[in-house]
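Because the structure is a prediction, the values reported are computed rather than measured.
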Protein chains: 2
Amino acid sequence: MIAQNDEIRTRIIDIARNIFTHFGFKKTTMEEIAQASRKGKSSIYYYFSSKEEIFKAVVEKEAEELKSELAKRTENIEDPIEKLNVYIKVRMRKLDKLKNFYAALKSDYLSHLEFIEEIRNKYDKEEIKIVADIIQQGINAGKFNVDDAELSAIAIVTAMKGLEVPLFLNKEHRNIETRLTSLINFLFYGIVKR
Amino acid sequence: MIAQNDEIRTRIIDIARNIFTHFGFKKTTMEEIAQASRKGKSSIYYYFSSKEEIFKAVVEKEAEELKSELAKRTENIEDPIEKLNVYIKVRMRKLDKLKNFYAALKSDYLSHLEFIEEIRNKYDKEEIKIVADIIQQGINAGKFNVDDAELSAIAIVTAMKGLEVPLFLNKEHRNIETRLTSLINFLFYGIVKR
DNA sequence: TATTCGACCATAATACGTTTATGGTCTATT
DNA sequence: AATAGACCATAAACGTATTATGGTCGAATA
């Protein structure tokens, strides 16, 4: 049954996701995934052609989670200023939770996997597009003073990336949340007096 | 002669600097440094107690170069907006040239060296202070609209750090210079319409 | 006396051969 | 169609031997 296959695949993906999150791709064995799924290793290969294919499915699932969470949290916001504010905050907080996706974006150890470059490029482009769309909304609404929406999006994304390492490693949230708020204020209002 | 010792030390530091720049700390041997200095290895140990001490001297020299270049390029600028603009641009371009100093700040391979954490903390603090001073000048001159100069400095430094990797790795300068200019515009004027 | 040299040392790093683990395959079974 | 278990190729880990390297020390030299 095709439907049942999907169900089993999904279950394996979810189980593997937990193990990958805990041990990382490299240290996770197919035997572990099989046992946790209560199946033989060969049975796992019935549903997936390789360890990499499972990991790709996990990464794509996490990417989709981020995407839909961001969409959900911003869809009813009309004000582009507020929308961008929420986007940045949700993005930073959520990305820290999606360990496999973040590893796929950042980890040197995973660069040898075939789908990694593709997913890195894809995510970069999508993110810049989303931010550029919000900025374009702000331009159209006469609220943003920006020449080029895409260049602006690139600058915002760059600044956010600069905050990932201190945010995700240093768990003293109070200080980092201050940093995040401070950075958002900058991106919005700059430092030059109005 | 004390003076001659300093001269020889300086010469060894400069020679070592070139080799460290080329091969990195780890792959550079004391034998290489000795030969390039036209001395026996033991003679190097007459002037320096360890390989680490030489590397520290190299890193401190490069840090001092950055500091004095920044001071030189900003000291005659009265306008805090222009001063910060020049600071950011010179900082990014110069730091890329100081390979040993940058490695000391960023490389995981060097974290085991005793002086590394100290120099990282020191540089961070100094940089935030310099930027905060410029911001405070802007506040005093009524040109910057900022509540807290130090928090603002931290945000600016964070954004700059986000640009280091793409800037220093990707040598397609045209695109990255655009990014740098774009980021500076953001930091100054924000995106919200005035 | 200051400086240099060369032999030497401890051990970190590297090389190498052996063993084990792991991703994956294949056939038989249910 | 789905599963199990034996098996395979080779990557990874391991243990041992060898080499390289940072550093030391006493003697030699200027």
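Heavy-atom contacts from other residues, nucleotides or ligands closer than 6.0 Å to CD of B/Glu150 number 12 or fewer.
The shortest distance between the side-chain N/O atoms of B/Asn5 and the OP1/OP2 oxygens of C/dA2 is not below 4.0 Å.
Taking the six-membered ring where tryptophan is involved, the planes of B/His112 and B/Phe25 are tilted, since the angle between them lies from 30° to 60°.
What separates CZ of A/Arg9 from P of D/dA2 is a distance of 12 Å, to the nearest Å. Between B/Phe55 atom CZ and D/dG22 atom C1' the separation is 16 Å, expressed in whole Å. Spacing between atom CD1 of B/Ile33 and atom P of C/dT4 amounts to 16 Å, rounded to whole angstrom units. Residue A/Glu32 contributes atom CD, which lies 11 Å from atom C1' of C/dT22 at whole-angstrom precision. Taking atom NZ on B/Lys39 and atom P on C/dC5, their separation rounds to 7 Å, with Å as the unit. Spacing between atom OH of A/Tyr45 and atom C1' of C/dT27 amounts to 17 Å, rounded to whole angstrom units. B/Ile44 has its CD1 atom 12 Å from the C1' atom of C/dT3, to the nearest Å. Protein atom CG of A/Leu113 is 15 Å distant from nucleotide atom P of D/dA11, rounded to whole Å.
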Could you run down the sub-3.5 Å N/O contacts of the protein with nucleotides 25-30 of chain D?
unit_1, atom_1, unit_2, atom_2, d
D/dC25, N4, B/Ser42, OG, 3.4

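Electrostatic pairing of B/Lys106 and B/Glu164 counts as a salt bridge here, judged by a charged N lying under 4.0 Å from a carboxylate O. Ion pairing between a basic and an acidic side chain is recognised when a charged N comes within 4.0 Å of a carboxylate O; B/Lys97 and B/Glu69 show no such pairing. Salt bridge annotation for B/Glu82-B/Lys143: absent, with no cationic side-chain nitrogen under 4.0 angstrom from a carboxylate oxygen. Between A/Asp133 and A/Lys83 there is no salt bridge, since none of the side-chain N atoms of the basic residue sits less than 4.0 Å from a carboxylate O of the acidic one.
Listed in residue order, the members of residues 15-31 of chain B having a heavy atom less than 4.0 Å from DNA chain D are B/Thr28, B/Thr29, B/Met30.
Here the nucleotide nearest the side chain of A/Tyr46, chosen from C/dT4, D/dG23, D/dT3, is D/dT3. Of the candidates D/dG23, D/dA2, C/dT4, the closest approach to any side-chain atom of A/Tyr47 belongs to D/dA2.
Minimum interatomic distance between B/Ile135 and B/Ala153 (heavy atoms only, all atoms of both residues): CD1-N, 3.7 Å.
Applying the side-chain hydrogen bond (donor to acceptor under 3.5 Å, both in side chains) criterion to A/Ser50, with sequence neighbours excluded, gives no partner residue.
Looking at which nucleotide of DNA chain C each of B/Arg38 and B/Lys41 is closest to, the 5′-most match is held by B/Arg38.
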*Show your reasoning for whether side-chain contact (heavy atoms from CB on, under 4.5 Å) applies to A/Glu127 and A/Arg91.*
CA-CA 10 Å; A/Glu127 184 169 47; A/Arg91 182 247 193 220; 2.5 Å; yes

